[in-house]
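Report on the following structure.
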2 protein chains.
Amino acid sequence: MPPIAASGQPTLREVAARAGVSLITASRALAADKPGLPVRPATRAAVQRAADELGYRPNAMARAMRGRRHDQVGALVVNNPGARLTNLAAYEYLLGLNAGLEPHGITLSLVRLTDLDGHHPERVRALREQLLDAFVAVSHLPASVVERLDASGDRVVWLDTDRRAASGCIARDEAAAGRLAAETLLARGRRRLVLLRPAKLDHYSLAERARGVAAAAAAAGVPLVELLTGPGYVTDPPERLRAALGADAGLVLSTPTVALRTLALLAGWGLVPGRDLGVACCDADDLLVNGWPELTRIENPRHGLGERAAALLVRLLAGEAAPASETVAGVLVPGTTA
Amino acid sequence: MPPIAASGQPTLREVAARAGVSLITASRALAADKPGLPVRPATRAAVQRAADELGYRPNAMARAMRGRRHDQVGALVVNNPGARLTNLAAYEYLLGLNAGLEPHGITLSLVRLTDLDGHHPERVRALREQLLDAFVAVSHLPASVVERLDASGDRVVWLDTDRRAASGCIARDEAAAGRLAAETLLARGRRRLVLLRPAKLDHYSLAERARGVAAAAAAAGVPLVELLTGPGYVTDPPERLRAALGADAGLVLSTPTVALRTLALLAGWGLVPGRDLGVACCDADDLLVNGWPELTRIENPRHGLGERAAALLVRLLAGEAAPASETVAGVLVPGTTA
DNA sequence: CTGAAAGCGCTTACAG
DNA sequence: CTGAAAGCGCTTACAG
């Protein structure tokens, strides 16, 4: 790689020379974020013109080094090669984070972790080096990464993770989501519940939703059956699911991914949701909402949660020690499938 | 004692002092990427130990500035606030890019553009400043951003965009995808075709797929009807789609999002794909493949395409002027719905 | 209002 | 094999 300056990019020194002022004056004239600096308007204009003519772009690295402002944060996301889109919802979080950070000129870097990295976080450059001002942990992280973050002293915002603390956490009320989904099915006259959920409860939301569904079933005195899905989000064999269904059954879907897989199975069997059985989902992302708007569901505004986490990050970077945590409840959207 | 860095993080100077060597020697001892450097094993070990004891993390900014290595690239992705997940497939590209870049120690930053930014690319920090070594343009970008990239002299890899050049582009053969999907339906005995696609052809793939489907229909001498979906990926009203279907009809779905919406409609109508009509999709991402494995489809390995783009970026950063472009054909997966 | 000096933390020449 | 010097591009004190 050629040296940065040799890449043909003009430096501030060249801008200053062209404007006929010193390097320092040029720096101040272009410091848009410090409007109070004493610079003569004519000087500022001359520098600005020189910068425009040369196509000057400030070197963010140099600025970061001298001015202690990187303005870069990293999003820690788990994504295993074998199950690439298990954490698809993370993308909606990332977009919300980005939307909330961009107005502040803060850049978001994607720090992808695998469970393998989980055992060797020192191999991840973003964790090994001083590269980012802060991190946002998205959804579930390996324990070794969490330990390293805690030990590092880095600033971290926890977005939809199982961490509960007075500050720095954005979480959801998932037990309420499970209860709401189940209660809605029962209110529509379904007399028994079937919960379809991933076998592995690796994220707090999965266990809490199951608890909420169980609580609703117990309160109503109706039977509840749990069916588990494997890595491919299929009950094995699918006929076990089919056998458990019926017009008196309310099928509670645990996640958007499970919902999509179930939708395809129902379609293949010619079973009409809402008529041949009741269906409700404890969680819905933008994709599911757009693709299956008829679905009775609890919507979690992930984009908005990402923006909230961004607001926490901004305050953290501004020096605020401990911005308070927030818990957000999902919203029931009735639909027609319950 | 050397001064403590204001960030609280130990510097290389402190490591050197602790190890009893000079700053320069410490730098060389830790330069893992230059194994040929002459450093005595004992010296290297002492420096390494001092670094470990202090919890030293090299400052990537300083290294970038002096050592001419940022090792950060930006992924340019369009995402409009009003239609957040239109570009969902981008996430799969990002994960693939990340997987391909990480082994080289290259970090990926998310540079989100809106169509609004499209008119004001100078407002996007990553474009305004020198922050990233190179860019990867993902899918469709606003013309003003493309112009700015071309004018900037920045290194760019074009991933699934409509740019066709001898170097630096990873693209897909989309006309073949449309043709394949249509031909598969006809081979299963469907006697007329219905193409369901977004009204707005803002990505090259949409127009090419439509062309491929039309070519297949013409070659077989069967009628073809095009139905258009709006922003919410619904035909308005949905009954227009229903009226067009039938056991003799082969329904060609243009995109994964259209496929998901259609799946929900068919399920609501109790129409069984493969029995009550034929269905095939011109494109499938990981989510659709996992959720609807029965679907007859053309699979586009976006993760793999991202990895290919990463390989191009690595070669670009290594100084190679023009790594050759690649065109990748999707793979037909028969399924049971045609 | 403007400029000379210092230095952010590191690596790359160049001498020993 | 190791160290003193220079400097990447910029901003932040401090003087005028």
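Letters go in sequence order (proteins before strands), and every chain restarts at 1.
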Would you kindly give the [atom1]-to-[atom2] distance between [X] and [N], to the nearest whole Å?
X: B:L12; N: D:dG3; atom1: CG; atom2: P; value: 12 Å
X: A:Q9; N: D:dC10; atom1: CD; atom2: C1'; value: 15 Å
X: A:E14; N: D:dC8; atom1: CD; atom2: C1'; value: 14 Å
X: B:M65; N: D:dG7; atom1: CE; atom2: C1'; value: 8 Å
X: A:R13; N: D:dC10; atom1: CZ; atom2: C1'; value: 10 Å
X: A:I24; N: C:dA5; atom1: CD1; atom2: P; value: 10 Å
X: B:M61; N: D:dT11; atom1: CE; atom2: C1'; value: 16 Å
X: A:Q130; N: C:dG9; atom1: CD; atom2: C1'; value: 9 Å

N or O in side chain of [X] less than 4.0 angstrom from [N] OP1/OP2:
X: A:S27; N: D:dC10; value: no
X: A:T43; N: C:dT2; value: yes
X: A:S22; N: C:dG3; value: yes

Would you indicate which nucleotide in [options] comes nearest to any side-chain atom of [X]?
X: A:R40; options: C:dT2, C:dC10, C:dG3; result: C:dT2
X: A:Y56; options: C:dC10, C:dA4, D:dC10; result: D:dC10
X: B:L23; options: C:dG3, C:dC1, C:dC10; result: C:dC10
X: A:R28; options: D:dA13, C:dA13, D:dC10; result: D:dA13
X: A:T11; options: C:dC10, D:dG3, D:dC10; result: D:dC10

Problem - Neighbour count above 12 (heavy atom, 6.0 Å) for B:R164 CZ - result: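 Above 12, so yes.
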
Handout entry: Interatomic spacing from OG in A:S139 to CZ in A:R302 - rounded to 0.5 Å
Key =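 That separation rounds to 7.5 Å.
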
Problem - Any side-chain donor near an acceptor of the partner, B:S325 and B:S167, under 3.5 Å - result: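 The answer is no; no qualifying pair exists.
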
Handout entry: Donor-acceptor under 3.5 Å (B:E53 side chain, B:A50 main chain)
Key =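 It does not hold such a pair.
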
Handout entry: Residue matched to C:dA4 through Watson-Crick or wobble contacts both under 3.5 angstrom
Key =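 Partner of C:dA4: none.
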
Problem - For D:dA13, the Watson-Crick or wobble partner whose two distances fall under 3.5 Å - result: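 D:dA13 is paired with nothing.
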
Handout entry: Test applied, side-chain contact (heavy atoms from CB on, under 4.5 Å); reference residue, B:V156; option that passes from B:L149, B:L313, B:V136
Key =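 Exactly one option meets the side-chain contact (heavy atoms from CB on, under 4.5 Å) with B:V156, and it is B:L149.
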
